[in-house]
Student: 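Quick one: this structure, given as structure tokens, is what I'll be asking you about.
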Amino acid sequence: TPGPAVAGTAAPGTDDRQAPPGAAWALLVATLSLVTLELVRASGPSLDTVFAVGVLEAAGAALLTYALPGVLLAVLALLVGAGRRVERAAVVGAVLVAGLRAALPLLGGSPRVVVTLLAVALAVGALVAAVAASARRRGGPLTVRAVVLGLALHVGLQLLLSTWDAVWRTDVAGWVVTLVTTGALGWAATRVRDEAPAPDGPDGQPRPVARLWSVGLLLGLAA
């Protein structure tokens with residue numbers, strides 16, 4: 001008997017021409033991957049600041065930061081209402097991440113540390129949701145390409161900025177990168193509203209997307 005449908009592929013007996021291309025979701029995944037990697041890198045120095053207070057405090061902050069993405073994503077999914085919860089949570093999360101990231105250069109001291117770690121948690125959760133939404137439309141391989149593209153673009157920015165990331169800078173170069181990346185992220189989040197809903201599986205339920213845990217592993221290795 002045929003096996004279960006894989007995310008992004010048509011089930012036996014269905015017309016795969018009905019699947020929308022999902023190009024806007026690929027753009028959102030790429031830009032969100034770029035900003036998320038930048039924030040994950042920024043979490044290191046931020047946690048070092050907490051480490052100056054105490055080892056237990058730093059360990060607790062790190063655990064809380066990287067345990068919160070699932071919680072924040074679930075909260076967003078509940079707040080956005082019924083229907084396409086994961087997609088709407090990804091969009092709302094991306095917009096919030098863009099706002100928090102744009103505000104970071106204006107902050108200092110403890111507020112900056114708190115907002116940075118909150119932005120990291122929110123970005124990771126939003127990225128996982130965006131990857132799931134994209135995979136349901138474009139399939140896993142094309143979605144992975146969008147993630148890798150975003151990570152590669154951030155590495156390119158690191159080289160241009162001599163690894164002094166824009167998140168820590170208030171000079172012209174830092175603000176240009178900040179405004180371009182957050183603006184692109186916000187614009188991409190608005191574009192996905194025009195995308196058609198992802199096709200459901202043969203059972204009428206949203207197509208499952210497996211191995212989402214690999215997003216976190218890829219982010220960790222890239223950072």
Side-chain angles (χ1 to χ4, degrees), residues 24-47 49-50 61 64-81 84-134 146-147 150-151 153-154 157-158 161 165-195 215-216 219 223:
W25 278 100
L27 178 61
L28 179 61
V29 169
T31 53
L32 190 53
S33 297
L34 186 158
V35 175
T36 301
L37 178 56
E38 181 186 42
L39 290 169
V40 169
R41 280 171 50 84
S43 70
S46 300
L47 291 172
T49 302
V50 182
L64 186 61
T65 298
Y66 288 99
L68 270 179
V71 176
L72 294 178
L73 184 58
V75 171
L76 285 178
L78 291 175
L79 293 177
V80 295
R84 304 174 65 181
R85 288 183 183 273
V86 172
E87 300 171 7
R88 293 179 180 178
V91 172
V92 174
V95 172
L96 293 175
V97 169
L100 292 176
R101 169 61 186 88
L104 283 180
L106 302 175
L107 303 175
S110 297
R112 182 189 181 96
V113 172
V114 173
V115 172
T116 297
L117 298 181
L118 176 61
V120 171
L122 187 59
V124 172
L127 178 59
V128 171
V131 166
S134 176
V147 174
L151 302 183
L153 288 174
H154 178 61
L157 284 177
Q158 291 177 19
L161 298 174
D165 290 3
V167 68
W168 304 108
R169 301 173 63 154
T170 56
D171 58 359
V172 173
W175 273 112
V176 167
V177 172
T178 293
L179 295 178
V180 169
T181 54
T182 57
L185 178 56
W187 181 77
T190 63
R191 293 290 298 171
V192 298
R193 294 183 304 175
D194 299 328
E195 289 282 353
V215 176
L219 279 174

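Just so you know, residue 1 is the first one in the sequence shown, and it goes up from there.
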Student: List the residues meeting side chain to side chain donor-acceptor pair (under 3.5 Å) with Ser43, not counting sequence neighbours, and say none if there are none.
Tutor: Tyr66

Student: About how many Å separate CG of Leu27 and CZ of Arg191, when rounded to the nearest 0.5 Å?
Tutor: 8.5 Å

Student: Test Leu118 against every option in Leu72, Val97, Leu39, Thr65 by the side-chain contact (heavy atoms from CB on, under 4.5 Å) rule and name the one that passes.
Tutor: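 It is Leu72; the other options fail the test.
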
Student: Which residues satisfy the side chain to side chain donor-acceptor pair (under 3.5 Å) test with Thr178, sequence neighbours excluded?
Tutor: Arg101

Student: Less than 4.5 Å apart, any side-chain heavy atom of Val115 and any of Leu104?
Tutor: yes

Student: Could you tell me the separation between the CH2 atom of Trp168 and the CZ atom of Arg112, rounded to the nearest 0.5 Å?
Tutor: 5.0 Å

Student: What heavy-atom pair brings Ala61 and Leu47 nearest, and what distance separates the two atoms?
Tutor: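 Closest approach of Ala61 to Leu47: CB-CD2, 3.8 Å.
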
Student: What distance separates Leu122 CG from Leu127 CG, expressed to the nearest 0.5 Å?
Tutor: 11.0 Å

Student: If we only count heavy atoms from C-beta on, is the Thr116 to Val167 side-chain gap below 4.5 Å?
Tutor: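 Not in contact.
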
Student: I need the minimum non-hydrogen distance between Val91 and Ala189, along with the two atoms involved.
Tutor: CG1-O, 3.6 Å

Student: Using the side-chain contact (heavy atoms from CB on, under 4.5 Å) rule, pick out the option among Thr36, Val29, Leu219 that qualifies with Val147.
Tutor: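 The single option meeting the side-chain contact (heavy atoms from CB on, under 4.5 Å) with Val147 is Val29.
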
Student: Testing the basics here: between Asp165 and His154, what is the closest heavy-atom pair and its distance to 0.1 Å?
Tutor: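 Where Asp165 meets His154 most closely, the heavy atoms are OD2-NE2, 4.0 Å.
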
Student: Do the non-hydrogen side-chain atoms of Thr31 and Thr181 ever get within less than 4.5 Å of each other?
Tutor: no

Student: Could you report the tightest heavy-atom contact between Leu76 and Ala89, atom names first, then the distance?
Tutor: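 Looking at all heavy atoms of both residues, the shortest contact is CD1-O, 3.7 Å.
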
Student: What is the minimum heavy-atom distance between Val86 and Ala132, and which atoms define it?
Tutor: CG1-CB, 4.4 Å

Student: With a 3.5 Å distance limit and no angle check, can you tell me whether Thr190 reaches the backbone of Trp187 through a side-chain donor-acceptor pair?
Tutor: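 Yes; at least one donor-acceptor contact below 3.5 Å.
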
Student: Mind listing the closest non-hydrogen atom pair of Ala90 and Ala129 along with its distance?
Tutor: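 In terms of heavy atoms, the two residues are closest at CB-CB, 3.7 Å.
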
Student: Is the backbone of Ala77 close enough, under 3.5 Å, to the side chain of Arg88 for a donor and an acceptor to pair up by distance?
Tutor: no

